[in-house]
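Since the structure comes first, as structure tokens, the remarks are kept for the end.
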Amino acid sequence: MLTLKRPDDFHLHLRDGAALDSIVHYSARRFARAIIMPNLTPPVTRVSDALAYRERILAALGGDSFEPLMTLYLTDNTPADEIRAAAAHEHVHAVKYYPAGATTHSENGVMRLEHVYPLLEIMAETGLPLLVHGEVTDPAVDVFDREAVFIEQVLEPLRERLPELRLVLEHITTEQGVEYVKSCPRNQAATITPQHCLLNRNALFRDGMRPHHFCLPVLKAESHRQAVLNAAVSGDERFFLGTDSAPHARGRKECAHACAGIFSAPVALEVYAEIFEHCGALDKLQGFASEHGARFYGLPENTESITLKKAAWTVPDSLPYGDGEIIPFRAGEELTWTLTD
Ligand code: NCD
Ligand code: ZN
């Protein structure tokens with residue numbers, strides 16, 4: 001048996017409408033709270049949009065206890081007053097920065113970070129965290145190098161200019177990502193997904209192309225996987241759980257131009273437990289899953305707990321998703337940890 005303070009997911013895509021209705025309970029079953037990504041179409045750019053989206057999430061929960069922690073989507077045109085309003089609002093916890101074109105639904109993202117420096121100054125003053133999708137979008141840069149180049153070209157200069165800005169480098173995938181965070185004081189942190197702990201880029205091509213292993217930032221070489229895994233299990237407070245569970249209907253994954261995103265919500269906590277156990281680090285799981293993130297965001301720790309038991313179960317091959325279906329992470333595979341009621 002493994003009992004933890006109830007964990008939180010500090011990076012989650014819940015979508016909207018029928019998709020939201022089909023998936024939100026997987027997260028609510030495992031996590032007390034989650035940082036909700038704002039990349040809807042159109043994106044969640046205003047506090048009023050975030051509050052309306054929050055109400056839709058609460059309605060989809062149908063009474064299940066789960067707290068959506070809302071974020072705003074940063075654009076070149078975000079007004080300064082909106083950032084001040086976000087910083088002051090109890091339900092808005094961060095602002096997400098997608099470089100324009102970097103990933104799914106990021107076409108409204110920021111063209112050049114210099115354009116939004118005045119907004120970042122307000123965030124630095126008010127302590128509102130900036131959540132960063134850390135990849136350059138220059139097509140000339142190799143897709144496997146985009147995180148490392150982003151750190152050099154964007155994050156290092158940003159830290160020089162605004163050292164007090166609170167920042168989370170989301171879903172880190174590289175040794176450079178790990179080293180960057182470790183070289184920062186406590187106001188910079190990183191989330192880590194289950195897939196980047198578990199898989200290297202070979203998983204994209206094993207016995208043919210595997211769209212269900214395609215996410216952004218893309219899986220990296222084995223040495224990077226090891227660096228990310230070591231950071232997750234290290235006990236260092238600057239690394240915490242963020243699944244980046246990003247659902248796409250089966251037909252949007254099994255096609256030409258497959259969408260990026262791995263749907264891990266139905267298995268995430270169980271998979272993290274497997275990963276930490278495999279590293280002999282189960283004693284570090286509670287910090288990673290239930291404490292470090294809450295501390296970074298200035299949230300109270302959850303008082304409830306959750307228990308997993310060592311019992312095998314097989315992940316379904318597919319799950320309902322709106323009026324279609326979706327393939328979860330580890331579909332058809334056996335997991336060793338099971339949630340108890
Ligand atoms: C995310 C999505 O589908 O919204 N996809 C992904 O591969 N992670 C977008 C993102 O977080 O980059
Ligand atoms: Zn994401």
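Whatever order the structure lists them in is the order used to number ligands and atoms, beginning at 1. Bear in mind that the values here come from a model prediction, so they are computed numbers and not experimental data.
Both the sub-6.0 Å distance and the 45° axial angle are not jointly satisfied by Arg210 relative to the ring of Phe205. Judged by the 6.0 Å and 45° rule, Lys310 forms a cation-pi pair with Trp337.
The nearest heavy-atom contact from the protein to atom 11 (O) of ligand 1 is His13 NE2, 3.0 Å. At the top of the distance list for atom 5 (N) of ligand 1, counting protein heavy atoms only, stands Ala260 O, 3.2 Å. With hydrogens left out, the protein atom closest to atom 8 (N) of ligand 1 is Asp244 OD2, 2.7 Å, a heavy atom. For atom 10 (C) of ligand 1, the closest heavy atom belonging to the protein is Thr103 OG1, 3.5 Å.
Here's the thing with Phe214: none of its N/O atoms is less than 3.5 angstrom from an N/O atom of ligand 1. Remark: ligand 1 and Cys215 share no N or O pair separated by less than 3.5 Å (distance only, no angle test). For ligand 1, none of its N or O atoms has an N or O atom of Lys96 under 3.5 Å away. At a 3.5 angstrom cut-off on N or O pairs, His248 counts as close to ligand 1.
Checked against the 6.0 Å centroid criterion, the rings of His11 and His13 qualify as a close aromatic pair. Aromatic ring centres of His171 and His196: separated by at least 6.0 Å.
One finds an angle of 110° at the Zn ion (ligand 2) between NE2 on His13 and NE2 on His11, to the nearest 10 degrees.
Near His133, meaning under 4.0 Å from any of its heavy atoms, are these atoms of ligand 1: 12 (O).
The Zn ion (ligand 2) has no N, O or S atom of Glu170 inside 2.8 Å of it.
The residues Arg46 and Asp49 are annotated as not salt-bridged, no charged nitrogen and carboxylate oxygen being separated by less than 4.0 angstrom. Under a 4.0 Å N-O distance rule, the pair Arg330/Glu274 qualifies as a salt bridge. With salt bridges taken as basic N to acidic carboxylate O contacts below 4.0 Å, one links Arg56 and Asp16.
Of all the heavy atoms of Arg15, the ones lying under 4.0 Å from any atom of ligand 1 belong exclusively to the side chain.
Using the six-membered ring where Trp is involved, Tyr297 and Phe240 have ring planes that are perpendicular, over 60° apart on the 30 and 60° scheme. The aromatic rings of Phe263 and Tyr26 sit perpendicular to each other, their planes meeting at more than 60°, with 30° as the lower class boundary.
For atom 7 (O) of ligand 1, the nearest non-hydrogen atom from the set Leu216, Leu12, Asn39, Thr193 belongs to Leu216.
Restricting Asp244 to its N, O or S atoms, the one at the least distance from the Zn ion (ligand 2) is OD1.
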